[in-house]
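Here is how names work: the chains are called A, B, and so on, in the same order as the sequence lines, proteins then strands, and each is numbered from 1. No hydrogens, no waters, no symmetry mates; every other heavy atom, side chains included, goes into these values.
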Protein chains: 2
Amino acid sequence: MSFPTPGKPVRGSKSGNHLMALFDLLGRSWSMGIIWRLHEGPCTFRALQERCESISPSTLNKRLKELVQAAMIKRTLEGYALTKKGEEIFQLLHPLEDWARNWAKDF
Amino acid sequence: MSFPTPGKPVRGSKSGNHLMALFDLLGRSWSMGIIWRLHEGPCTFRALQERCESISPSTLNKRLKELVQAAMIKRTLEGYALTKKGEEIFQLLHPLEDWARNWAKDF
DNA sequence: ACTTTTTGCTACTTTTTTTGTAGCAATGCT
DNA sequence: AGCATTGCTACAAAAAAAGTAGCAAAAAGT
């Protein structure tokens, strides 16, 4: 199993532009949700599945493998956890929360 | 055609948590890429298709309709363009570019 | 006014992703 | 030993995305 690798063709860039590779990775179902939920703390596969409310084990497994390969998630004695890079991505996504709150008002 | 609406069930939240709705929307293929490319300036459907390098018209059309409904994109005399909200989202995504550059070094 | 080009799609089929459900092997607890 | 929990895998079904062709409307050119 592979993940959208910078330097290889990805969605949005035949030459594998790094940003497009990142968009391809984060733009898969549940990617951002998993990172978000994992930030609450390391946890087991099954617990993570529950945090996500409705993810199937097959999808969770696939996404986890990709994110591990992409160095955003690692396995620890306490289960799956964000790496330093994963934590950084979380911090970059963080501002979306407030923005989304505001955005939601219009619906 | 509908988009992940805050307040209604979305991927990651049965109650439609606004952030999960946003993740659902942005986490569809090409969503972030389209926003990114549109920031270069308003343009026509066909031109946007070329900016995206490899998007199919059916997917582009679907994504555009969703993003228009989500108030991130509007139609103008010059073609499709980011709205104020779309521009804000772009600004929030912007830091990902530098991060991705760095991340890419490890592959 | 009429031809040509460009534009914004739609229609349709194929391929890929995601979902949903069942369940099994490994580990740990009692 | 027996039972519960964990981390998955297998498989089928549904949904999303890709790929290709082409048409109707508008714009541009002559």
Side-chain angles (χ1 to χ4, degrees), chain A residues 1-5 8-14 16 20-21 23-38 41-70 73-81, chain B residues 1-5 8-14 20-38 41-70 73-81:
Chain A
M1 204 161 311
S2 66
F3 78 105
T5 312
K8 296 187 180 173
V10 295
R11 232 165 20 191
S13 166
K14 286 162 187 162
M20 290 302 144
F23 280 172
D24 192 352
L25 178 69
L26 293 182
R28 293 179 174 193
S29 77
W30 288 103
S31 285
M32 293 187 286
I34 289 171
I35 290 170
W36 194 266
R37 300 294 194 180
L38 255 194
C43 72
T44 67
F45 186 96
R46 284 237 313 230
L48 186 51
Q49 208 183 335
E50 271 162 38
R51 280 189 195 170
C52 287
E53 288 190 37
S54 63
I55 192 172
S56 72
S58 25
T59 303
L60 177 55
N61 189 236
K62 201 171 176 222
R63 259 340 62 93
L64 282 174
K65 280 182 180 164
E66 290 166 4
L67 293 169
V68 165
Q69 274 196 79
I73 286 182
K74 64 186 170 192
R75 300 195 67 168
T76 69
L77 291 177
E78 296 155 297
Y80 289 97
Chain B
M1 205 162 310
S2 68
F3 78 105
T5 312
K8 295 184 181 174
V10 294
R11 231 165 22 191
S13 166
K14 286 162 186 162
M20 291 301 144
L22 181 61
F23 281 171
D24 193 351
L25 179 68
L26 294 181
R28 293 178 174 195
S29 77
W30 288 103
S31 285
M32 294 187 284
I34 289 171
I35 290 170
W36 194 267
R37 301 293 195 182
L38 255 194
C43 72
T44 67
F45 186 96
R46 287 268 260 253
L48 186 52
Q49 209 183 334
E50 272 161 36
R51 280 188 194 169
C52 287
E53 289 189 39
S54 62
I55 191 172
S56 72
S58 26
T59 304
L60 177 55
N61 189 236
K62 202 174 174 216
R63 254 349 54 94
L64 282 173
K65 281 183 179 162
E66 290 166 3
L67 292 168
V68 165
Q69 275 198 76
I73 287 181
K74 64 185 168 193
R75 301 195 67 166
T76 69
L77 291 176
E78 298 156 296
Y80 289 97

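At the phosphate of D:dG19, neither OP1 nor OP2 sits under 4.0 Å from any side-chain N or O atom of B:Ser56. Look at B:Asn61 and you won't find any side-chain N or O under 4.0 angstrom from OP1 or OP2 of C:dG8. Regarding contacts with the backbone of D:dA18, a side-chain N or O of B:Trp30 is found under 4.0 angstrom from either OP1 or OP2. An OP1 or OP2 oxygen of D:dT9 is reached within less than 4.0 angstrom by a side-chain nitrogen or oxygen of A:Lys65. Contact annotation: A:Arg75 reaches the phosphate of D:dC8 (side-chain N/O to OP1 or OP2, under 4.0 Å). Put simply, A:Arg63 has no side-chain N or O that comes within less than 4.0 Å of OP1 or OP2 on C:dT19. Listed pair A:Thr59 / C:dT19 meets the phosphate criterion, a side-chain N or O lying under 4.0 Å from OP1 or OP2. Between C:dT7 and B:Tyr80, no contact under 4.0 Å exists linking OP1 or OP2 to a side-chain N or O.
A distance of 12.0 Å separates CZ in A:Arg28 from OG1 in A:Thr59, rounded to the nearest 0.5 Å. Once rounded to the nearest 0.5 Å, the distance linking NZ of B:Lys74 with CG of B:Leu64 reads 14.5 Å. Rounding to the nearest 0.5 Å gives a distance of 5.0 Å between CG of A:Leu48 and CG of A:Leu38. Distance check, rounded to the nearest 0.5 Å: CZ of A:Arg11 to CH2 of B:Trp30 gives 7.5 Å. Of the inter-residue distances, the one linking B:Thr44 atom OG1 with B:Gln49 atom CD reads 9.5 Å to the nearest 0.5 angstrom.
At whole-Å resolution of the value, CD1 in A:Ile55 and P in C:dT18 are 10 Å apart. Atom-to-atom, CD of A:Glu78 to P of D:dT6 comes out at 15 Å; the value is rounded to the nearest Å. Summarising the geometry, the separation between CG on B:Leu77 and C1' on C:dT7 is reported as 15 Å, rounded to the nearest angstrom. Regarding A:Leu25, its CG atom lies at a distance of 15 Å from the C1' atom of C:dT17, rounded to whole Å. C:dT17 atom C1' lies 14 Å from atom CG of B:Asp24, rounded to whole Å. For the pair A:Arg51 CZ and D:dT6 P, the interatomic distance rounds to 13 Å; values are reported in whole Å. As a whole-Å value, the separation of B:Phe23 CZ from C:dT18 P is 16 Å. A straight line from CD of A:Glu66 to P of C:dT17 spans 9 Å, rounded to a whole angstrom.
In this structure, B:Leu25 and B:Leu67 have side chains that are in contact, with non-hydrogen atoms separated by less than 4.5 Å.
The closest donor-acceptor contact from the side chain of A:Arg63 to the backbone of A:Ser29 lies under 3.5 Å. A:Arg75 places no side-chain N or O within 3.5 Å of a backbone atom of A:Val68 that could act as its donor or acceptor partner.
With sequence neighbours excluded, the residues forming a ring-ring contact (aromatic ring centres under 6.0 Å, His included) with B:Phe3 are A:Phe107, listed by chain and number. Residues that satisfy the side-chain hydrogen bond (donor to acceptor under 3.5 Å, both in side chains) test with A:Ser13, not counting sequence neighbours, are A:Ser15. For A:Lys14, the side chain to side chain contact (heavy atoms under 4.5 Å, CB included) partners at least two apart in sequence or on another chain are B:Glu53, B:Ser54.
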Nucleotide N/O of nucleotides 25-27 of chain D paired with protein N/O under 3.5 Å:
none

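The stretch residues 41-50 of chain A comes close to DNA chain D through A:Thr44, A:Phe45, A:Arg46, each having a heavy atom under 4.0 Å from the strand.
Between A:Met32 and A:Leu26, the shortest heavy-atom distance links the atoms CG-O, 3.7 Å.
The end-to-end axis angle of the helix from C:dA1-D:dT30 to C:dT30-D:dA1, rounded to 10 degrees and based on five pairs per end, is 30°.
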